[in-house]
Structure formats: C-alpha cells, structure tokens
Amino acid sequence: MPTTVASPSSNQNQLLPDDRGVHDWYRFVLSFPPHLVRTYIERFGIDESQVVLDPFCGAGTTLVESKKSGIASVGMDSHPMAYFASSVKVDWSMSADRVLAYAGQVAESFNETMADVEQNALIRDSDTLQHTDSLIGLLGPEESKLLIKDSISPKPVLKTLALLHKINEHGDASLRNIGRLALAGALVNGVSNLKFGPEVGVGRIRADAPVLETWGERIQRMADDLRFVHDRTDIPARVIKFDARNMEQGLAPESVDAVITSPPYPNEKDYTRTTRLESVLLGLITSRNELRQVKQDLLRSNTRGVYKDDADDRSVDGFQSIAEISDAIERRRIELGKTSGFERLYARVTRLYFGGMFRHLSSLRTVLRPGAKLAYVVGDQASFLRIMIPTGQIIADIAESLGYRVIDIDLFRTRFSTATGQHLREEVVVLEWSSD
Ligand SMILES: C[S@@+](CC[C@H](N)C(=O)[O-])C[C@H]1O[C@@H](n2cnc3c(N)ncnc32)[C@H](O)[C@@H]1O
C-alpha cells in the first residue's frame with residue numbers, strides 16, 4: 001500500500017502542549033487536533049445556547065473541545081472502543097481526590113496479588129510466559145486469535161489482566177471507567193509492542209513492561225486535568241453508540257446547530273485493527289462474530305470490512321464522477337494483473353464508501369436546525385492502485401445534490417504520497433443546511 005509523508009507545513013495535526021488536557025487521555029493517531037475544532041467553532045459563531053454534533057466522534061476531540069469552550073455537544077460512533085473512550089473523556093464529574101484515592105486502592109491490591117503470583121513462580125517462569133502462544137492460556141483461544149500477532153507479550157498481558165481485575169473490583173462505575181480508559185491508553189503507549197506510523201504495526205518486542213507504573217502516570221495526569229476543568233462539569237456532552245448512516249433514528253429532529261467531524265477516508269485503514277488490542281483486552285470485542293458486527297456498523301472505507309450483502313453503493317448510482325473513479329481503479333487492476341480478493345474489491349469499496357456518506361448526509365438533514373453549519377475534514381486518497389480520489393470534492397457534490405449549500409472547501413494540510421509523487425490534500429468541506 002502506498003505511504004503518505006506529511007509535508008513540512010503539515011505538522012498542523014499535532015497536539016499542542018496547551019491542548020493536552022483531557023484530549024490525551026486516549027487518542028487515535030489520526031485524531032484531528034483541537035485547534036481545528038476551535039477554528040470552526042469561532043468561524044461558525046457557535047455560542048453557549050447551541051449544540052455541536054460529531055457523528056464520527058472517534059476519540060472525542062470535538063466533544064472535549066466544545067465542552068472546554070462551554071458549548072453543549074453530542075457525539076456518535078459505532079465502534080465500541082471509540083464510544084467508550086469519548087464517553088469517559090466527557091465525564092468530568094469525578095473529583096481528582098477520589099480518582100487518586102481509588103487508584104491507590106487498586107495499586108495496593110494489584111501489588112499484593114502480584115507478590116503472590118511471583119511467589120508461585122508463575123511470572124518468573126520464562127518458559128511458560130515467553131512465547132506469544134502462551135497468550136491462549138491467559139486470554140482464551142477466541143480472544144488470542146483476534147489480536148495482531150506479537151502485539152503484546154505474555155508477561156504484560158498477565159499484568160494487564162490482573163490490573164483490570166483490580167480496576168473492576170474497586171470504586172464505582174465512573175471510577176472504573178476512568179481506570180479502564182487509563183489502561184487502554186497505557187496499553188498502546190508503553191505496555192504493548194505496537195507502533196503507529198500511521199499504520200499499526202509491531203515494533204520492538206518488550207518481554208516485560210511496567211504496567212502499573214504506566215497506568216499510574218496516566219491516572220495522575222487525568223486527575224490533574226480534572227482539577228483544571230472542574231468548572232466545566234455541567235456543560236452537557238453525551239455520546240451515542242450508533243451508525244451515522246441512520247442519523248434520524250439516533251437524534252431528535254432539528255436538534256443540532258453545527259457539525260464538526262472527520263469521517264473515515266476511502267483507504268485501507270481498518271479502525272477495528274488500530275484499536276484491536278485495547279478493544280479485546282478491555283472485553284469490548286470478545287469473538288469473531290462480535291468483530292464482524294462492529295465492522296458491519298462502520299462506513300465501508302476498507303476492503304477488510306466489505307460484505308456480500310452490502311448495498312450502500314446503490315445510493316450513488318447516478319454519480320458520474322464516482323462511477324469513473326471506480327471504473328479507473330478496476331481498469332488499473334486488470335492492467336496490473338492484480339487478482340487478490342482484496343484488490344478485486346477496491347472499485348466496489350470506493351462506491352460503497354461514497355454511498356455510505358450519501359446515506360449519512362441524507363439522514364442528517366432532519367436533525368439539523370435550518371441554517372446549521374457543517375465542517376467535514378476529509379483527505380484525498382490514492383490507496384487503491386494509485387488512482388486519485390478527490391474525496392472532499394465528491395463529498396461536496398453529494399452534499400449539494402441533497403440540498404446543502406457548499407460554502408468552501410478549505411485546505412487543512414497537504415501530505416506527500418510516495419506512491420504517486422503528488423501532494424494529497426486534506427480538506428475541510430464547509431456546508432450550510434437551509435431547509436428551503
Ligand atoms: C477519522 S475517525 C474520527 C477521529 C476523531 N475526529 C478524533 O479526533 O478522534 C472516524 C471515526 O468514525 C467512526 N465510524 C466509522 N463508520 C461509522 C458509522 N457508520 N457510524 C458512526 N461512526 C463511524 C470510526 O469508528 C472512527 O472512530
């Protein structure tokens with residue numbers, strides 16, 4: 001698959017030091033930066049009486065930033081890990097002191113258990129805990145098979161499961177959620193063997209990892225942040241686990257004043273893979289069937305999540321530009337003699353992706369107040385055999401066909417594609433909804 005390299009002007013996606021608070025409780029590599037949300041809150045003139053929606057809320061950047069700005073928000077995501085993370089990130093009701101007292105109890109109880117485990121020589125026994133195969137004994141065969149091979153070593157898994165057990169044994173539901181989110185963050189930042197660049201891959205194999213310490217540092221930072229935002233606790237922010245292609249079933253009519261969001265892009269990124277480790281270890285996805293269900297509730301943006309009965313493409317049958325791109329991809333595939341099952345699906349997934357976006361934008365109309373403003377962050381792509389997909393322009397065309405007014409297509413940043421030698425645009429499609 002072609003790679004893209006950020007251009008020098010494109011460090012726009014980074015989390016600024018002043019923005020870390022709450023945002024870095026848990027983030028995706030591809031989360032957009034809080035300053036982008038602030039820009040559009042200001043540009044749209046959103047005030048405290050209005051409601052912002054993010055229908056593809058991911059790790060909750062729009063919701064956290066809206067709440068920091070004193071603006072009510074609603075988020076939606078059909079992935080259980082994104083839903084869990086963003087729900088916890090907008091619950092600021094817990095006092096920092098309670099969080100720290102809870103963390104102290106968990107740590108004490110964890111240390112007692114680990115001392116017993118050490119005494120029983122379980123964790124010291126390198127023969128049983130050195131090999132990834134021994135994950136099956138720790139996690140169960142279904143769960144172990146779901147993990148990316150070598151994504152975590154057995155000793156850190158054993159410690160993670162012991163810590164999770166203690167997290168769930170103490171405190172109330174809100175405290176446990178904070179504990180579990182800190183563990184998810186620790187897993188991808190220090191405990192596992194994963195590296196993100198931006199694709200998820202396996203890096204240096206850590207035979208062991210400081211699980212409690214990494215978790216404790218994260219909990220400490222979360223407590224510090226809670227002290228800082230305590231005066232914003234009452235600003236409403238809620239998250240719904242829902243498929244954004246059926247918006248009208250999830251939200252009340254005319255209940256939203258603005259949308260600031262970044263849906264998936266048509267490339268081979270599989271959101272269930274980048275979050276697989278924490279989803280499985282936290283027990284959010286426990287079997288192949290559950291994984292399949294999660295994939296089916298997501299927009300079709302990669303060939304790993306396409307199913308025989310998928311029919312989103314029918315919604316965009318009349319779009320010449322989409323048909324032309326899809327045909328060009330298929331022609332290129334035949335020319336290059338590419339015959340794998342995934343390559344054969346490139347043309348179809350492109351149509352399914354835009355069909356899903358059509359369904360989303362169509363169902364969104366009823367929940368918008370007249371005059372609502374929308375910002376969609378999307379990137380041009382060339383992942384399917386280097387055929388250029390001008391994502392922003394096509395989404396603007398779809399929106400226009402549904403009665404939205406296209407106000408602008410702003411350039412957010414460019415990324416250099418090593419495959420095509422071209423700069424790929426990442427854009428913000430700015431729309432307005434007026435019901436007449
Ligand atoms: C680019 S990410 C959003 C990142 C987010 N802006 C942030 O800062 O973390 C896209 C999100 O869309 C979600 N998603 C994909 N298809 C969806 C659907 N049909 N309904 C709701 N959410 C969906 C994915 O689970 C993923 O979390």
Side-chain angles (χ1 to χ4, degrees), residues 12-15 19 22-38 40 52-66 73-90 181 184-185 188 196 198 239-251 259-267 269-276 278-279 284-285 291 293-302 304-307 310 312 315 349 352-364 367 375-379 381 391 395 412 426 428:
Q12 296 236 42
N13 217 31
Q14 282 171 6
L15 198 57
D19 278 339
V22 185
H23 286 293
D24 72 357
W25 288 10
Y26 177 88
R27 258 171 82 78
F28 291 163
V29 209
L30 292 178
S31 289
F32 57 30
H35 66 77
L36 189 78
V37 178
R38 283 200 296 276
Y40 286 92
V52 172
L53 165 72
D54 186 344
F56 301 94
C57 71
T61 311
T62 296
L63 316 181
V64 170
E65 201 53 30
S66 298
S73 63
V74 186
M76 199 178 256
D77 205 295
S78 46
H79 192 294
M81 186 61 218
Y83 164 72
F84 172 68
S86 42
S87 307
V88 178
K89 284 173 75 176
V90 294
L181 188 65
V188 277
F196 295 87
V239 187
I240 317 170
K241 188 169 169 301
F242 214 77
D243 185 337
R245 289 169 296 177
N246 302 313
M247 295 296 303
E248 76 285 14
Q249 293 166 28
L251 289 176
V259 173
I260 304 174
T261 193
S262 177
Y265 307 166
N267 54 24
K269 184 153 295 300
D270 175 355
Y271 285 93
T272 70
R273 198 172 148 82
T274 46
T275 54
R276 186 74 56 83
E278 59 273 38
S279 301
L284 300 173
I285 299 178
L291 177 62
Q293 188 55 57
V294 170
K295 287 187 176 187
Q296 286 185 330
D297 289 343
L298 297 174
L299 208 66
R300 302 297 185 263
S301 59
N302 71 86
R304 267 81 183 158
V306 171
Y307 296 93
D310 286 348
D312 284 354
S315 319
V349 76
L352 287 168
Y353 170 78
F354 287 111
M357 284 305 292
F358 181 100
R359 284 184 55 203
H360 160 65
L361 286 165
S362 173
S363 64
L364 178 67
V367 310
Y376 280 75
V377 182
V378 283
Q381 295 295 322
T391 316
I395 286 177
F412 165 46
E426 205 158 0
V428 187

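What you are looking at is a predicted structure, and each value in this text was computed from that prediction instead of being measured. For ligands, and for the atoms within them, numbers begin at 1 and follow the listed sequence.
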A.B. asks: Before you tell me yes or no, could you show the steps for Asp312 and Arg245 under salt bridge (Lys or Arg N to Asp or Glu O under 4.0 Å), namely the whole-Å CA-CA distance, both residues' side-chain angles and the distance that decides it to 0.1 Å?
C.D. replies: CA-CA 10 Å; Asp312 284 354; Arg245 289 169 296 177; 2.8 Å; yes
A.B. asks: Is there a donor-acceptor contact under 3.5 Å from the side chain of Asp77 to the main chain of Gly58?
C.D. replies: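 Judged by distance alone, yes, a pair lies under 3.5 Å.
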A.B. asks: Taking Ser73 for the side chain and Val52 for the main chain, is one N or O donor matched with an acceptor at less than 3.5 Å?
C.D. replies: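 Such a contact is absent between Ser73 side chain and Val52 backbone.
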A.B. asks: Please name the pair of heavy atoms, one in Leu36 and one in Val428, separated by the smallest distance, quoted to 0.1 Å.
C.D. replies: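 So the two residues come closest at CD1-CG2, 4.4 Å.
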A.B. asks: Please confirm whether the backbone N or O of Thr272 pairs with a side-chain atom of Lys295, one donor and one acceptor, at under 3.5 Å?
C.D. replies: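 Judged by distance alone, no pair lies under 3.5 Å.
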A.B. asks: Between Tyr376 and His360, does the ring-ring contact (aromatic ring centres under 6.0 Å, His included) criterion hold? Intermediate values first, please.
C.D. replies: CA-CA 12 Å; Tyr376 280 75; His360 160 65; 5.8 Å; yes
A.B. asks: I'd like the residue list for ligand 1, meaning every protein residue with a non-hydrogen atom under 4.0 Å from the ligand.
C.D. replies: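 Under the 4.0 Å cut-off, ligand 1 touches Phe28, Ser31, Phe32, Pro55, Phe56, Cys57, Gly58, Ala59, Thr61, Asp77, Ser78, His79, Ala82, Phe242, Asp243, Ala244, Arg245, Ser262, Pro263, Pro264, Tyr271, Asp297, Leu298, Leu299.
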